[in-house]
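Before any comments, here is the structure.
Just so it is clear, the model here is predicted, and its values are computed rather than measured. Labels below follow one simple rule: chain letters A, B, ... track the order of the sequence lines, proteins then strands, and each chain is numbered from 1.
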2 protein chains.
Amino acid sequence: MASPDTRIVDLKKLQLACEECSLHELCLPLELQHEDIEELDRIIHKRRPLHRGDYLFRMGDPFRALFAVRSGSIKTYTNTDEGEEQVTGFHLPGELVGLDAITEGCHPCAARALETTSVCEIPFERLEEISTHIPGLQRQLLRLMSREILTEQDTMIWLGKKSAEARLAALLLRFSDNYRRRHFSPTEFNLSMSRTDIASYLGLAVETVSRLFTRFQHEGLLEVERKHVRLRDLEGLRRIAGVESCLHNHC
Amino acid sequence: MASPDTRIVDLKKLQLACEECSLHELCLPLELQHEDIEELDRIIHKRRPLHRGDYLFRMGDPFRALFAVRSGSIKTYTNTDEGEEQVTGFHLPGELVGLDAITEGCHPCAARALETTSVCEIPFERLEEISTHIPGLQRQLLRLMSREILTEQDTMIWLGKKSAEARLAALLLRFSDNYRRRHFSPTEFNLSMSRTDIASYLGLAVETVSRLFTRFQHEGLLEVERKHVRLRDLEGLRRIAGVESCLHNHC
DNA sequence: GCATTTTATTGATCCGGATCAATAATTCTG
DNA sequence: CAGAATTATTGATCCGGATCAATAAAATGC
């Protein structure tokens, strides 16, 4: 499995990887000792890049590791009762994939690359071992999972209640934020996923998504040319999305 | 805070509590040593009962502990941008409340008792301390959180895609399952929450929920008299809910 | 126990978004 | 590079569920 992968062997590289893939979520805020970082370094592998359509894992695959997206993007999806694909998430650089598989011991959904994508593999058993003697790492893991729960609660709310335009605006803003955090243009980027994927994730029909893009463009909120979007009115989009993520604002 | 609470002092009582409130989720599957159970026992307190409308915690309260529902029921909710209540979950006996607060250090939503409700309080810092030297307890914590994530993904899917009747049917079946697991009648029980709460949680209008109950009754799926329901056709409800929780079936 | 307030049911109407249908633009594939 | 298959856009129609409105039934307060 891990044979053609490149090991990240030196500290410098790891920190770079951390910056890129937000493994910093896992280690930076802890201010770990050098020897601890080296220990983490020993278990974390950089996988060779996935290409568009490649599986990171399939539904039902045994759960062995978490994955941190370094670059590119991943979609996770499951199948509905009627056998169609139901997208459960888009995972951008800095986000973890696989947190939902810990309980079951196998992946409840499949993960595929939406474009050329590089990920770090974090073998879970090893991570657990290490976390027993690195104070704070365990806590950090729990934090990460808690944050995931919070995010999903948020998503639940807008899927239940928000209008189609609010959902799409919120998604675009999420992408925008991710790019900003990584010091890329928060207003101009490519959508790596198809309209169908977006529709599935947002619980809408493809036609609706397509119409929304057209409408947003007419209203001067953005320019869209196939996969490429340029957000022209972030404030307007925020208004449409509804102040959003209300869960986070009250702490 | 804990002054009027009753400590669970003996093993027998703890095991009873575990049975009741599914702290067995936390400890039983681990087959802990007696001294470990005693250590858990030392930190877990049984709170004195909450009454209808009492807060378990308010939005923004500092996060100190997880709570396991022993009997009764709890609703958690946040506020929408427009200031209305948005129910984020119903928590029945055997379920944990507070998993979404670990990251932030404070509660992103409020929790109130829907009826007379008894909970166990599990101080989180202490739990973390203990879990560092009880192998398996930490793992169990991660499992629990992962399961929560899975459940919410499931919920996301039906909020996005399923019809109003499917949502209500699914909710009723979830209640039914909880009662069955606790050896109560899975077909006859009281809904502790208002129609408004149900509607909010399911992302529907109150009127729709009300109409659905009436329709289900006409179709012979259930009998409903105010808060009391008697499910008459579980199979039919399952069909309506859609095979459901497709996420869990593929492992 | 009566008045007030909250919660639930039922009816009538309206609209957002799904569905059906046709076409256009892209991207595979040989 | 041509033909086939997939993906995206646009239009027309329909329907599930929201909204508005009125009443009924419970819960709550005095």
For chain B, the stretch of DNA chain D it reaches, first to last nucleotide, under 4.0 Å of its heavy atoms: D/dG17 to D/dT28

Closest-nucleotide ordering on DNA chain C, the 5'-leading residue of B/Ser210 and A/Thr208: B/Ser210

Residues B/Asp177 and B/Arg180 bridged, charged N to O under 4.0 Å: yes

Quiz item: cation-pi between B/Arg112 and B/Tyr77, 6.0 Å / 45°: no

Sugar-phosphate, base or nothing in reach of B/Ala164, heavy atoms under 4.0 Å: sugar-phosphate

Residue whose nearest DNA chain D nucleotide is more 5′ - B/Arg52 or A/Arg211: A/Arg211

Passing candidate, side-chain hydrogen bond (donor to acceptor under 3.5 Å, both in side chains) with A/Glu121, options A/His45, A/Lys46, A/Arg47: A/Arg47

Donor-acceptor pair between B/Gln153 and A/Asp100 side chains, under 3.5 angstrom: yes

Residues in ring-ring contact (aromatic ring centres under 6.0 Å, His included) contact with A/Phe189, at least two apart in sequence or another chain: A/Tyr179

Distance-only polar pair, side chains of B/Thr78 and B/Thr88, donor-acceptor under 3.5 Å: no

Close approaches to DNA chain D from residues 187-195 of chain A, in residue order (heavy atom, under 4.0 Å): A/Ser194, A/Arg195

Sugar-phosphate only, base, or nothing, as touched by A/Gly53 at under 4.0 Å among non-hydrogen atoms: nothing

Residues B/Thr103 and A/Arg147: side-chain donor-acceptor under 3.5 angstrom: no

Side-chain ion pair, B/Arg174 and B/Glu95, N-O less than 4.0 Å: yes

ring-ring contact (aromatic ring centres under 6.0 Å, His included) involving B/Tyr201 - partner list, sequence neighbours excluded: B/Phe90

Atom pair distance, as rounded to whole Å: CG in B/Asp197 and C1' in C/dA8: 13 Å

side-chain contact (heavy atoms from CB on, under 4.5 Å) partners of A/Ser194, counting only residues at least two apart: A/Thr196, A/Asp197, A/Lys227

Sub-4.0 Å heavy-atom contacts from residues 220-232 of chain B onto DNA chain D, ordered by number: B/Arg226

More than 12 heavy atoms of other groups within 6.0 Å of B/Tyr55 OH: yes

